[in-house]
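Written below as structure tokens is the structure these notes are about.
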Number of protein chains: 2
Amino acid sequence: MRTTDLRVMKTKQALHNALLTLLSQKPLEQISIAEICREAKVNRGTFYLHYEQKEGLFEEYFQEIMEDLYQSYEEPYRAVTTLDTNHLDPNTIRIFHHIERFKMFYRIVFSKNVPLTYYYMLFDGIYSLLKRDISTHHVHQMEDHISIDYYSAYQANAIIGLIIQWYRGDFSDSVTMLNKQLAAILKNVRSGE
Amino acid sequence: MRTTDLRVMKTKQALHNALLTLLSQKPLEQISIAEICREAKVNRGTFYLHYEQKEGLFEEYFQEIMEDLYQSYEEPYRAVTTLDTNHLDPNTIRIFHHIERFKMFYRIVFSKNVPLTYYYMLFDGIYSLLKRDISTHHVHQMEDHISIDYYSAYQANAIIGLIIQWYRGDFSDSVTMLNKQLAAILKNVRSGE
DNA sequence: GATTTTAATGAACAGATGTTCAATATCTAA
DNA sequence: TTAGATATTGAACATCTGTTCATTAAAATC
């Protein structure tokens with residue numbers, strides 16, 4: 001079962017398209033594997049040859065979205081030569097732009113009946129991006145008994161906390177608003193009482 | 001279908017016990033509704049009279065756990081009369097103790113094939129506790145354009161970020177270590193560079 | 001304690017799941 | 001271009017899901 005095999009690629013493509021078609025009609029939890037296979041004109045047994053659950057199929061789709069997240073994050077690095085990366089700069093991280101762009105998608109990711117897998121994919125993405133920055137820029141100025149892993153997990157999930165709040169308001173606030181909130185929180189928390 | 005009806009209570013108790021028995025043998029995702037009903041000697045139709053999915057049953061179990069979280073949180077308030085609640089004090093919040101106490105349970109909550117529901121239950125719990133404190137103690141000293149909702153979501157999910165990292169190391173770090181990490185992070189982030 | 005209310009049961013249903021298998025179609029590599 | 005490799009198919013199977021219904025059993029209320 002090599003990934004370059006034309007038969008495999010064709011099958012996966014068909015399943016991919018079928019899922020997207022069905023997702024435009026109903027939520028993921030109401031779509032059955034049998035249904036996807038009927039739509040894709042692929043034998044149900046073939047599905048199980050490549051995936052365990054419909055979630056695995058959706059996961060592949062997520063990979064592409066995460067590519068955009070990485071690019072959104074790198075963007076400011078390409079534009080500016082020297083970057084002030086002392087603490088997370090909300091103007092440089094473009095995470096909220098990315099979420100906004102794929103909000104149809106993230107409505108699924110954050111819906112309550114979906115498995116945690118997707119949440120972790122987003123978490124891991126943000127985590128690794130932040131960790132890279134924290135490791136290179138902040139390590140010298142940080143309390144030395146702070147674990148970088150815990151610190152990165154803290155910061156990454158804090159941002160997702162904002163996204164959850166945003167999602168629960170159906171993404172009605174603007175990206176600018178979100179960026180300002182993050183900037184204000186970081187500023188406030190740093191200045192103390 | 002009144003909740004005080006003895007028949008209902010007996011049925012729910014039986015399903016509850018059956019779930020706990022099975023959970024000690026295999027993960028939630030490998031347990032079927034039919035299996036729970038066989039174990040509980042309850043008709044499968046009766047199950048659907050009370051719940052939609054096995055997750056609903058697990059959710060009821062979660063409610064009891066959350067009761068402990070609330071109590072853990074209130075505990076320091078009962079001990080000390082006046083409390084310094086300027087910013088989150090890791091010594092007063094007993095969240096990590098609570099997680100430690102129910103780590104068997106939280107291993108399920110954070111496992112990747114489980115629906116987001118439980119995550120949100122934990123999030124909402126921490127969120128509401130923090131929000132209450134933030135509203136009463138911090139509002140006067142905070143940048144006035146910070147939304148308390150966003151700020152609470154940020155802080156609540158940041159703490160869960162630490163818990164996720166903790167969970168991924170199978171809770172091998174000590175509660176003390178976690179408390180220290182949180183204290184150091186809050187201190188570090190506040191003092192700036 | 002008798003009556004009314006209602007929860008639980010068992011049976012039956014169409015459809016979904018997850019797995020296996022031999023037969024077939026389609027690709028790859030020589 | 002052919003021979004070998006392997007992905008796909010269709011069929012079959014036991015089990016699970018979600019739902020309906022008349023019947024039975026057990027509670028609540030009087």
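Numbers restart at 1 for each chain; the letters A, B, ... are given by sequence-line order, proteins then strands. Keep in mind that this is a model prediction, so the values were computed, not measured.
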Rounded distance in Å - [atom1] ([X]) to [atom2] ([N]):
{"X": "B/Met9", "N": "C/dA8", "atom1": "CE", "atom2": "C1'", "answer": "17 Å"}
{"X": "A/Leu49", "N": "C/dT24", "atom1": "CG", "atom2": "P", "answer": "19 Å"}
{"X": "A/Phe47", "N": "D/dG10", "atom1": "CZ", "atom2": "C1'", "answer": "18 Å"}
{"X": "B/Leu57", "N": "D/dT17", "atom1": "CG", "atom2": "P", "answer": "13 Å"}
{"X": "A/Asn43", "N": "C/dC21", "atom1": "CG", "atom2": "C1'", "answer": "12 Å"}
{"X": "B/Arg38", "N": "C/dG10", "atom1": "CZ", "atom2": "P", "answer": "14 Å"}
{"X": "A/Gln53", "N": "C/dG18", "atom1": "CD", "atom2": "P", "answer": "7 Å"}

Would you say [X] reaches [N]'s phosphate, i.e. side-chain N/O to OP1/OP2 under 4.0 Å?
{"X": "B/Lys54", "N": "D/dC16", "value": "no"}
{"X": "B/Lys10", "N": "D/dA27", "value": "yes"}
{"X": "A/Tyr48", "N": "C/dT19", "value": "no"}

Test item: side-chain donor near acceptor, A/Glu52 and A/Tyr48, under 3.5 Å: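 Judged by distance alone, the side chains do not pair up.
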Is there a donor N/O on one and an acceptor N/O on the other, under 3.5 Å, for the side chain of A/Arg7 and the base of D/dT8?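 Flag unset: no donor-acceptor pair detected.
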Between [X] and [Y], does at least one N-O distance fall below 4.0 Å, as a salt bridge requires?
{"X": "A/Lys112", "Y": "A/Glu29", "value": "no"}
{"X": "A/Asp170", "Y": "A/Arg107", "value": "yes"}
{"X": "A/Arg168", "Y": "B/Asp149", "value": "no"}
{"X": "A/Arg94", "Y": "A/Glu74", "value": "no"}

Hydrophobic clustering (ILVMFWY, side-chain heavy atoms < 4.5 Å, transitive) - are A/Met104 and A/Phe171 grouped together?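 Different clusters: A/Phe171 never reaches A/Met104 through Ile, Leu, Val, Met, Phe, Trp or Tyr contacts under 4.5 Å.
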Closest-nucleotide 5' rank along DNA chain D - winner of B/Glu52 and A/Arg44: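 Checking each residue's closest nucleotide, the 5'-ward one belongs to A/Arg44.
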Applying the ring-ring contact (aromatic ring centres under 6.0 Å, His included) test to A/Tyr61, which of A/Tyr51, A/Phe102, A/Phe105 qualifies?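 Of all the options given, the one that passes is A/Phe105.
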The side chain of B/Asp5 is closest to which nucleotide in this list: D/dA27, D/dC16, C/dT28?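 Closest nucleotide among those given: D/dA27.
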Looking at C/dT9, D/dA28, C/dA8, which one has an atom nearest to any side-chain atom of B/Leu6?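 Looking only at side-chain atoms, B/Leu6 lies closest to D/dA28.
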With the threshold set at under 4.0 Å for non-hydrogen atoms, list the residues of residues 21-36 of chain B touching DNA chain D in residue-number order.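 Close to the strand are B/Ser32, B/Ile33, B/Ala34.
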